[in-house]
Every structure is written in C-alpha cells, then in structure tokens.
Amino acid sequence: MAIGLLGSRPVAVSAGEEGSLRVWDLPTLAPIGEPVRVGGPIRAITTSLFPGHPLTLFVKAGHSEKTVTVGRFQGQPLTVTSGDAKGAAIGRLHGRPVKVTADDELHVVDAATGREIGPRILLGEDNGVDALELVTLRGRLTAVVNDDGGDENEPGPDPLRFFDLASGRQLAGIDGDFTTVRKATVNGKTVLLTVNRPAGSVSIWDPVSREQIGLLPGNPPAPSALGGESYGFSRPAFIEVSLAVGELGGRPIAVTGGGDNTVRLWDLGTARQLAATVPPGHTDEILAIAVSESNGRPVAITQGWDDRRIQWDLATGQRISAPPPDTYGSLDGIPADRLRDRTVVADRTGGGRFRDLVASSLEEALARGERTAPLVTRAGDRTVLFGRSGARAWIKDPVTGAEIGAPVKIGATTPLQLTTLAEIDGRPVLLVSLNGTTRILDFQSGRRIGEVSGVSSSESPIAVARVRCTTGVLTRRSGRVYFWDLRTGRKLTPALRGHGTRVLHILTGRLGDIPIAVTASLGGEIRVWNLLDGRQIGEPLIAHNRLIVMALGYVNGHTVVLAGGKAEKVVMWDLGR
C-alpha cells in the first residue's frame, strides 16, 4: 500500500500478489481507472506522486531492480521503479542530513559527502529487514528497526529494536511479532504503527514509553488461513497486511490492505475505519467448482477457503448478486424433494471441502474425513444416494430412500477413493480399481460381473465416458492418459500423449456430438481430446500453475471449461459447439 497525489487528487495505491496495481480515490476508496498489470508478485511499494509530474511508483517485485514504464494512467505516464525502500530512511544527525540504511549492519551516511559516519552497529548475519524508521527521542536520532535479527535468531518473532545512532548503543525495544513499522504524527506527537502477525491488526505505539496507545482491527485473515485443529493442518497463506500512512485534509490517516483483498482507510486520531473497498470475488484459494442451473440459466457455484460461496452466471461471467441456493450441513437436513435439485449444496464442515450434492465425487467426501458417510452422486444418468456399510457398498433412491438392487461386496479395507459409479446397458455398476485390475460389480445382482486386467488407477477414481454405445474408462500414468473398453480391456484409442508433467485431473463430457476428455497436468496445462480417435482438439489451454479444481459446463450450446485454485479466480474457456 502507498499514499500520494495524482495531480492534486489524494489517492491510495495498492499492489497485489497477482502483480497488478490499482489506484483508489481518498477518502471514498472508489477505484480510479483500470488495474495496471506490472507482473509480480509485488512485495513492496512506495509512491512519488506530485502535481504536474508523472505518477511514479517504487516497487519491489522479486529481486528485480530495474526501471520500467508500464503505460499511461489517467492521461499521465505511469513509471514503475523496482527497488527496496524498506531499509532506508532520511534524518538529521548533529545538524547534518544523513541517510540511514539497514542490512546486516546499520549504516549512517552523510548526505552531502556520501561518507559513512558514526559507529558500527551490527544487526545480525544475513539479517532480514522488514522496515526502518527514524525518530528523535530526547533530542537524539534513533533508528527503529523491524527485522529478524539474522540467522542466529530465526525462526522467531520479529520485534522492534531501537538504536541510538550517535553512540551505537542498543536501547530498550518493543516486543512482539511484527511485519512492518511506520511513523506518523498524531495530535502533534510522533507515533509508531506496527502490523501484528498473524492477527493482521495494527498497533499504535508511543516510541518514548514503548507503550501501545491504540489498536486498529486491520485486515484479519480468513480463519482457514490460520490452520488449527478443525482443519487438521496449518495451511500456508498470504495473511500479512500492508500499511501506509499519510495525511488527508490535515488529519493523520493509515491505509491497509491484506489477504482479504480489501483496502481500508483509517483515521489515526480516532482509530476508526473511514472506508473500505468491497472484494469482487474470492479472497483465498478456491476449493471447488460446481456447474448447475438457477432460474433456468447455467451457473457455476464456487467455494473457497475464505468461507465464501459465490454464484456466477456462466453466460455473462458476472457474479450473481442473488444468494446461492439453500445450503445444508448434512444429508439428513435436506428435504427429500430437493435431493434431485442440482443447485442444493452442503456446507463444508470439519475443514473439508464444499461439494455440490449431485455432482460431487467420493474423493471429496473422503477429504471431509467421511469415510462411511453417504453422498448424493451420479450413476450414469441417474441420481443416487451412495454409501457403504462395513465391507459392502450400496446405492439408494435419494428421494424415497429405497435401496436400488443389492449391496456389492468391496472389502472392508478397499480404498473407497478408487471406486467409480457407472452404467452398463442401463444397469448401475461399481468399478473398483485396485492392484492393476478393475472389477465390475453389479448393483442389480450384488455380484461381480467382470474383471479387466491392466486397467486401474492407483491415485484417483477412473473417469468414465460413453463412446459408440461402449462404456470406456480413462486412467492416467504420469503424463499420459489411456482410454480402455470396460468390457474387453482393449484400448479404444491410442494413448493420449502431450502433457510433459503428471496429469492431475480428467473430466469427460461432450463437445457438440463429440465425446471428449479434458485433462490438466501439474503446472496448469489443459488439453482437450476427441475420444472417437484420441486426437487432441485445438491448442493447449494454459491455466495458472496454482490450478487445483476443474469443472465442465454448457452455455447456450457451447461447452466450457472452468478452472480455479490458489490464484483466487475462476478462469473459463469456450470450447465451441
């Protein structure tokens, strides 16, 4: 975050993890112009925005230190200069202007001569500096450093350390774990502001007494970003908050931005929020995408770690302001007449995944830790309730609860994530893929009706497709995908080759009258295949390398592919009719 002037207009500038710059009006925080793509991730930003001068932003993106011009903004040239301004500050020592920098040592340089003056102040070998500010305490120039103390103090909290620059003596500091420090003037007095890790709040400190005199809520991260027992693991997330300080109409202000994708404006005199932007979509990793219908139009429902469930119009690509469909915490709470409604969804609980109750897979249920809980899914063209009791799996009518056919024996230790529901000649069957063999179990008789050697997947359920009245299955081995005849075990097409890395996802559907498979590999490459002949359709689609979930949908006769993940956005491609 940074604050400055665009012409004579006060603005805030935010730089995102995705590598774009956005400019906001102050104090309304209304967006000005379109975002400017710089390339990122952008790690630090300061501004030089003066009336009559180009809008210049000093940005640290990775390790680059070059100056680039990225275009024009509001009629003015927009220049972005890469560099780290975190460890440098200007002050006066013994009446002389000096520049102070921090790395493994604190360096004090005479601004007029360029000579280093003052005592040597060691901070730590391989010291990492988050921020440096200069304050005058009892008439003496003092450096306030937010750093990690070097290798010998890592890992550990990053407090504020105070150093008298004339004597080189370290003074009492402020304990805590901070990600940055900023200096401001409030009611005529100098104060320090720190961003507190991991809460994302901002503390206001008296640098003389080292006491906290105020607290801003800041930008709290989503609960999921913090991990914890309910999630079973600690998930890395971008939860740190960016902070800038300045003045607006003579009042001291602060602007913060964080992992909630929200820019907030604060009055430092009252410690109150003045304005905040509204995030347009997800603010954290997207966990699942389900394609459905709402009021007769095709929609996508997405669920993220930010606990948001958002509904999107697939025809326009726009967020639908109406609330998503009714949600339920478990199957027991869903009215029977809603179980065939493809827009019914279940809340994710216990740190598991969101699931569209009709389109969900057994793999998602396993991610929730529900190794025996039933779920609503598809067996060919019919909707069924699918579950297991001990060593047997069963399917039921989701509305009446009546059992369909007879349970099939799969074994108490058979990994359920390697089972797939399908249909053969109109009969629901269960495919069990294990030890290089796929067994075919018939729910009508409860017996095994076939076995295909050499057709199996050891990592995920096999994908099922119908081609020329034949039920085929797709399995993956590293970067290749194979399409097999379920009855004979023979290959229906040559191997689907093209991915250079491991295939992570296989979807099946139709492109007009053509049965297709859509495959995605590690790194985000997506390929579309004609299952009639095994040939690739079109050029590969390139998604973000943080791709983790995919879905197929149909809009106005067109087939579309949707993909999402850690990039906090859903990308959609039109494959055509």
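Throughout, residue positions are numbered sequentially from 1 according to the sequence presented.
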Q: Please examine the side chains of Val561 and Leu507, heavy atoms only from C-beta on, and report whether any two atoms are closer than 4.5 Å.
A: no
Q: Give, for atom CG of Leu431 and atom OG1 of Thr438, the distance between the pair rounded to the nearest 0.5 Å.
A: 7.0 Å
Q) Is the number of heavy atoms from other residues, nucleotides or ligands under 6.0 Å of Asn556 CG greater than 12? A) no
Q.
To the closest 0.5 Å, what do you measure between NE2 (His499) and CD (Gln536)?
A. 7.5 Å
Q) Got a sec: does the CZ of Arg447 have more than 12 other heavy atoms crowding it under 6.0 Å? A) no
Q.
Between Arg466 and Thr471, is there a side-chain donor-acceptor contact under 3.5 Å, judged purely by atom types and distance?
A. yes
Q) So which heavy atom on Phe386 is nearest to which on Phe443, and how close? A) CE1-CZ, 4.4 Å
Q) What orientation do Trp312 and His282 show, parallel under 30°, tilted 30 to 60°, or perpendicular over 60°? A) tilted
Q. Less than 4.5 Å apart, any side-chain heavy atom of Val291 and any of Leu552?
A. no
Q) Stepwise, does the side chain to side chain contact (heavy atoms under 4.5 Å, CB included) test hold for His505 with Ile526? A) CA-CA 9 Å; His505 305 283; Ile526 299 173; over 6 Å; no
Q) With side chains defined as the heavy atoms from C-beta onward, is the minimum distance between Leu531 and Thr493 less than 4.5 Å? A) no
(Q) Side chains of Leu441 and Ile410, heavy atoms from C-beta outward: is any pair under 4.5 Å? (A) yes
(Q) Can you confirm whether Pro428 sits close enough to Val384 that some side-chain heavy atom of one is under 4.5 Å from a side-chain heavy atom of the other? (A) no
(Q) I need the Asp158 CG to Thr179 OG1 distance, nearest 0.5 Å. (A) 9.0 Å
Q) So Phe483 and Lys491, side chain to side chain contact (heavy atoms under 4.5 Å, CB included) or not? Walk me through it. A) CA-CA 6 Å; Phe483 188 32; Lys491 292 180 181 177; over 6 Å; no
Q. Taking atom types as modelled, is there a side-chain donor on Asn196 or Ser201 under 3.5 Å from an acceptor on the other?
A. yes
Q. Under 3.5 Å, side chain of Thr559 to main-chain N/O of Leu575, donor-acceptor pair present?
A. no
Q | Closest non-hydrogen atom pair, Gly500 against Glu525 | A | N-OE1, 4.3 Å
(Q) When you compare the side chain of Ile449 with that of Arg427, does any pair of heavy atoms fall below 4.5 Å? (A) yes
Q | More than 12 heavy atoms from other groups under 6.0 Å of CG on Asp513 | A | no
Q. Heavy-atom count around Arg510 CZ within 6.0 Å, excluding the residue itself: above 12?
A. yes
Q.
I need the Arg439 CZ to Lys409 NZ distance, nearest 0.5 Å.
A. 10.0 Å
Q) Of the non-hydrogen atoms in Ile289 and Ala563, which two are nearest, and what is the gap between them? A) CD1-C, 3.8 Å
Q) Just by distance, do the side chain of Arg480 and the backbone of Ala495 share a donor-acceptor pair under 3.5 Å? A) no
Q: Say whether, by atom type as modelled, one donor and one acceptor occur between the side chain of Arg388 and the main chain of Gly390 under 3.5 angstrom.
A: yes
Q. Do you know which two heavy atoms are closest between Glu423 and Val429, and how far apart they sit?
A. N-CG2, 4.3 Å
(Q) Taking Arg468 first and then Asp485, would you say they form a salt bridge - that is, a charged N and a carboxylate O separated by under 4.0 Å? (A) no
Q) Got a second to check how far Thr420's OG1 is from Ile440's CD1, nearest 0.5 Å? A) 11.5 Å
Q) Taking the side chain as C-beta and beyond, is there a heavy-atom pair between Leu496 and Leu474 under 4.5 Å? A) yes
Q: List the atom of Arg22, the atom of Pro35, and the distance in Å for their closest heavy-atom pair.
A: NH1-CG, 3.2 Å
**Q.** Shortest non-hydrogen contact from Arg297 toward Asp313
**A.** NH1-OD2, 3.1 Å
Q.
Would you compute the distance between atom CD of Gln303 and atom CD1 of Ile286 and round it to the nearest 0.5 angstrom?
A. 10.5 Å
Q) For the side chain of Arg527 and the backbone of Gly498, is there at least one donor-acceptor N/O pair under 3.5 Å apart? A) yes
(Q) side chain to side chain contact (heavy atoms under 4.5 Å, CB included), that's the test. Do Thr508 and Val464 meet it? Break it down for me. (A) CA-CA 7 Å; Thr508 59; Val464 180; 5.8 Å; no
Q: Could you please spell out the steps behind the side chain to side chain contact (heavy atoms under 4.5 Å, CB included) verdict for Asp130 and Phe178?
A: CA-CA 9 Å; Asp130 290 323; Phe178 311 123; over 6 Å; no
(Q) If you define the side chain from C-beta out and look only at heavy atoms, does anything of Thr519 sit under 4.5 Å from Trp529? (A) yes
Q: Kindly say whether Gly128 contributes a backbone atom to a donor-acceptor pair with the side chain of Asp148 at under 3.5 angstrom?
A: yes
Q: Spell out, as yes or no, whether a donor-acceptor pair under 3.5 Å connects the side chain of Arg309 to the backbone of Ile301.
A: no
